[in-house]
Structures are given as C-alpha cells and as structure tokens.
Amino acid sequence: MLKFIVLCFAALAVLSPLFLIGIRSYTGQRARRALGINVLSFFACLVLAAVVGIGGSASAADATVTAAAAASGAGLAEGLKYVGAALAVGLSGIGGGIAVASSASAALGAISENDKAFGKALIFVGLAEGVALYGLIVALLLLFV
C-alpha cells in the first residue's frame with residue numbers, strides 16, 4: 001500500500017510541471033515557478049523513496065552477500081570504481097556539450113559567410129565531440145581493466 005502511494009506521488013511530481021506550464025500559458029506567469037515546483041517535488045520524491053525504500057525488502061540473502069563483499073575488502077574499491085567511471089562519463093559529457101555548443105554556433109556562422117569553410121568547421125565540431133568519447137573510453141578502462 002505504501003509503495004502505491006509513493007508511485008502515485010512520483011507520477012504527480014512528474015506531471016505537475018506540465019500542469020503548471022498549461023496554467024502559465026493562460027496567466028502569462030514565468031517558468032521560474034514551474035521549475036521551482038519541479039525541483040521541490042523531485043527532492044521530496046527522493047527523500048520519500050529513501051525513507052520508504054522502494055528498492056525492495058532486505059532479506060537474509062542480501063545480508064550474507066553484503067557481509068561477504070565487506071569481508072573480501074572489494075566492496076569499497078568496487079564502489080569507487082563505479083563512481084569514478086560515472087564521473088568520467090558525466091563530466092566529459094558536460095564538457096563536450098559546452099564545447100560543441102560554442103564551436104557549432106561559430107561553425108554555422110562561418111558556413112553562412114563562406115560555403116568552403118564547411119570541411120574545417122566539421123573538423124572542429126568533431127574534435128569537440130571527441131572529449132565526450134575520451135571520457136567514455138576512460139570509464140570503460142576503469143570498469144573492465
């Protein structure tokens with residue numbers, strides 16, 4: 001029953017910004033209010049999920065697996081490996097997105113002035129996308145080597 005309530009609350013949290021966008025089109029209010037309610041509902045749902053424990057119930061088998069991982073000493077190292085891989089992919093993706101945003105807009109401006117600059121502009125945009133690929137390669141090396 002409690003998981004059903006959490007599921008309904010999560011659905012409401014996801015649909016509330018759409019409702020506020022509809023209201024904004026009639027009243028002309030800014031999107032700041034919708035964004036604030038969206039962030040607030042996300043964190044409320046996150047706290048509720050952490051308290052209730054949506055992931056399932058703990059069992060004796062889970063406790064023995066956790067104890068075996070802690071006894072082997074590989075639990076913390078394995079977790080930090082995944083955190084490092086996530087940071088490598090996430091931060092390189094953000095950096096690649098920022099680089100593509102600036103280089104692609106400059107490339108479009110150069111192409112609009114001179115059609116012969118298309119090849120050079122494409123190379124620079126591709127180099128900016130390479131940053132994200134390097135992060136993915138580092139993450140794969142962290143996980144599988």
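In this text the structure is predicted, and so the values were computed from the model without any measurement.
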Report summary line: Note: with side-chain heavy atoms under 4.5 Å as the link, the other cluster members for Ile94 come out as Ile98
With a cut-off of 3.5 Å and sequence neighbours excluded, list every side-chain donor-acceptor pair involving residues 118-145.
none

**Report entry** Qualifying salt bridge (Lys or Arg N to Asp or Glu O under 4.0 Å) pairs, either residue in residues 82-111, two or more places apart
**Finding:** none
Side-chain atoms of residues 103-116: list all donor-acceptor pairs with protein atoms under 3.5 Å, sequence neighbours left out, distances to 0.1 Å.
unit_1, atom_1, unit_2, atom_2, d
Ser103, OG, Ala99, O, 2.9
Ser105, OG, Ala101, O, 3.2
Ser105, OG, Ser102, O, 3.0
Ser112, OG, Leu108, O, 3.4
Ser112, OG, Gly109, O, 2.7
Asn114, OD1, Lys116, N, 3.2

Could you list the donor-acceptor pairs under 3.5 angstrom formed between side-chain atoms of residues 84-93 and any protein atom two or more places apart in sequence or on another chain?
unit_1, atom_1, unit_2, atom_2, d
Ser92, OG, Ala88, O, 2.7
Ser92, OG, Val89, O, 3.2

